[in-house]
There are 2 protein chains.
Amino acid sequence: MSARYLQIASELRLAVDRGEYPIGSLLPSEGELAARYGVARGTVRQAVALLEREGVVTHRQGARRTVVGAVPTQSFAEMQSFSMWAVSQGHVPSARVLHKEVRRVTGADVERLNAPLGEEVLDLRRVRLLDGVAVMVERTLYAGILAEHVLAMELTEGSITERLTESGFVYAHADHRIDAVSAGVVEAELLGVRRGSALLRQRRVTTSPSGVALEWSDDRYRADAVTITVRNSMSENTLARLSARGPGRARQVARPGPVGSSVGVF
Amino acid sequence: MSARYLQIASELRLAVDRGEYPIGSLLPSEGELAARYGVARGTVRQAVALLEREGVVTHRQGARRTVVGAVPTQSFAEMQSFSMWAVSQGHVPSARVLHKEVRRVTGADVERLNAPLGEEVLDLRRVRLLDGVAVMVERTLYAGILAEHVLAMELTEGSITERLTESGFVYAHADHRIDAVSAGVVEAELLGVRRGSALLRQRRVTTSPSGVALEWSDDRYRADAVTITVRNSMSENTLARLSARGPGRARQVARPGPVGSSVGVF
DNA sequence: CAGTGGTCTAGACCACCTT
DNA sequence: AGGTGGTCTAGACCACTGA
């Protein structure tokens, strides 16, 4: 039995999906919803706040909430795990292992993945396939505590994240850095694209509820394979844009001319 | 005088920044904070919920919140406007106008930008510069109501968004679609990169508080110019990953082989 | 088992939007 | 001016964490 406000949020979400509250229409007032569901206004507010963060409704003080859309939302787990995501989308995921090694974090890892120097990790590199087609190359560093669990797994199918979750590890929070890179020779070969072609790179640090980092990963997708979507709002912004020329007053020498050079071996 | 919970959130945020609550340490309990600030527990909860959405602290029922980091957060406006963002980062933004035209939305716009067919819009294309270096090519469709305002502006410097805000238009909500594309001939020329090199594409639909779309835009960044960051958590996920092969049970014919072809004229 | 966060209630006052 | 959301209070009970 989940919390009442979650039930109410679900009911409202479904009602929006069913077209009972078309896009552009107004939601009933908080008081009216409270009466309808037989709860206090505070509970209704928890429910609509959730819908607001999901991007389903907007807020304007003094006016009723407006329905802005029925947005497909993916769970944190589906965003975290390629396998779980693929399955939820109706695709068949698989993997091919390229490299598997327990070692210590090097300077290159620090720069690329923000991992802490010297820590013992499991370095796993795989090609990920969607319905048999290679769409992504990933490198994941698993924290030492996870290493033995991961090493004991079948790594070519199923979700590592899901099995770690079953073992009691909880993923709670993730930081993503998204940019574009050119395919190096190795990546081009693995993904079946031309060298130098565009890849979407998603680097991620995932932490447990207590803030301990569990994974550092670097995923590179074929440009035609996936799109990442994000919603933000005035009351809710987890998005930021970082300048590669350095934030702050940095006045580096501009580096014009061609870029697009390969990033080398993955 | 802002709301009490916002003040408390700011104070706690500052305390984290100052290192009073180091990363990995525990926040005082809600009850203790309520006593310290002389407010009800509910008010404290509003404050810490905000910090949690910002990614500063985590939540675990039954245990105190853990500090996970002092995260630089950008405002919604800074994420929305290239100019405002650049200035906030200590850079000098500018622009060069490529194209300016009032017209109706075509089928190509619908596909590329999700704009509604037939609506009258202002189509503005510019190159954006950071400290004099071209880093991004943008195409923005402004909704009809904004067109005359934008047409009356100086378009090579300053923030269009900022001036529209001053005119009373409120940006409240945005949907972003992020992927990678290869530079076409035109883009390569404008950005000073090689044809076919990787660009980070951010497509965005921005709406007012009442859910009316104000802008549709397509920004393409030099791969070495910017990185987009997003945070998400179990309790908060506005991120999703879309398959280009279509969601749902779609079983399209796999299209292997080289991609990375140019997307043509921008 | 004590401490702590998660949920919920009932009521209050204010700021803002709409008419 | 009336409706509505934004904020805040004071208290309650439950579920979970950790010693």
Side-chain angles (χ1 to χ4, degrees), chain A residues 1-12 21 24-53 56-68 168-170 172-173 208-212 233-236, chain B residues 1-12 21 24-53 56-68 168-170 172-173 208-212 233-236:
Chain A
M1 190 48 131
S2 65
R4 193 80 182 91
Y5 78 93
L6 291 175
Q7 298 171 19
I8 295 173
S10 296
E11 288 187 41
L12 290 173
Y21 301 116
S25 68
L26 299 178
L27 223 55
S29 72
E30 295 175 359
E32 191 178 326
L33 289 171
R36 180 185 307 177
Y37 291 108
V39 298
R41 195 180 140 216
T43 305
V44 167
R45 279 182 67 77
Q46 280 185 284
V48 294
L50 189 60
L51 295 182
E52 213 168 294
R53 291 199 295 272
V56 177
V57 299
T58 57
H59 81 131
R60 291 184 296 156
Q61 177 168 35
R64 291 192 180 183
R65 287 182 172 77
T66 308
V67 177
V68 292
F169 294 100
V170 182
H173 184 268
S208 74
S210 57
V212 178
S233 63
M234 260 186 332
S235 57
E236 191 69 30
Chain B
M1 193 49 135
S2 67
R4 192 82 182 90
Y5 79 92
L6 292 174
Q7 299 170 20
I8 295 173
S10 296
E11 287 187 42
L12 290 173
Y21 301 116
S25 68
L26 300 178
L27 223 54
S29 73
E30 296 176 359
E32 191 178 328
L33 289 171
R36 180 185 307 178
Y37 291 109
V39 298
R41 195 180 140 217
T43 304
V44 167
R45 279 181 66 78
Q46 280 185 284
V48 294
L50 190 59
L51 296 182
E52 212 168 295
R53 290 199 296 271
V56 177
V57 299
T58 57
H59 79 132
R60 290 185 297 156
Q61 176 167 35
R64 291 193 181 185
R65 286 182 173 75
T66 308
V67 177
V68 292
F169 294 100
V170 182
H173 184 269
S208 75
S210 58
V212 178
S233 63
M234 258 186 333
S235 58
E236 191 70 31

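Throughout, a chain's letter reflects where its sequence line sits, starting with A, and its residues are numbered from 1.
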TODO: Encode nucleotides 10-19 of chain C as B, S and - characters from 5' to 3', where the letter depends on protein heavy atoms closer than 4.0 Å: B to the base, S only to sugar-phosphate, - to neither.
DONE: --B--BBSS-
TODO: Tell me which of A/R4 and B/E30 sits closer to the 5' end of DNA chain C, going by the nucleotide each one is nearest to.
DONE: B/E30
TODO: For A/F169, check ring-ring contact (aromatic ring centres under 6.0 Å, His included) against everything at least two apart and list the hits.
DONE: A/H149
Open item on the list: Using a strict heavy-atom distance below 4.0 Å, which residues from residues 43-50 of chain B are in contact with DNA chain D?
Closed with: B/T43, B/Q46
Task: Between P of C/dG6 and NE2 of B/H59, the distance in whole Å - done: 7 Å
Task: Passing candidate, side-chain contact (heavy atoms from CB on, under 4.5 Å) with B/L51, options B/V56, B/V68, B/I8, B/T58 - done: B/V56
Task: Distance, rounded to the nearest Å, where B/R65 contributes CZ and C/dG3 contributes P - done: 19 Å
- [ ] Figure out the CG/C1' separation between A/L26 and D/dG3, and round it to whole Å.
- [x] 13 Å
TODO: Starting from C1' on D/dT4, measure out to CD on A/E32 and report it in whole angstrom.
DONE: 12 Å
TODO: Find the distance between CD (A/Q46) and CG (A/L6) and round it off to the nearest 0.5 Å.
DONE: 8.0 Å
Task: Gap between atoms OH and C1', on B/Y37 and D/dT7 respectively (whole Å) - done: 18 Å
Task: Among A/L27, A/T66, A/L26, the one residue meeting side-chain contact (heavy atoms from CB on, under 4.5 Å) with A/Y21 - done: A/L27
- [ ] Using the side-chain contact (heavy atoms from CB on, under 4.5 Å) rule, take A/Y37 and A/R4 through it: C-alpha gap first, then chi angles, then the decisive distance, then the call.
- [x] CA-CA 9 Å; A/Y37 291 108; A/R4 193 80 182 91; 4.0 Å; yes
TODO: Flag the pair B/E52 / B/S233 as yes when at least one side-chain heavy-atom distance between them is below 4.5 Å, and no otherwise.
DONE: no
- [ ] Ignoring backbone atoms, test whether B/R64 places a side-chain nitrogen or oxygen under 4.0 Å from the OP1 or OP2 oxygen of C/dT4.
- [x] yes
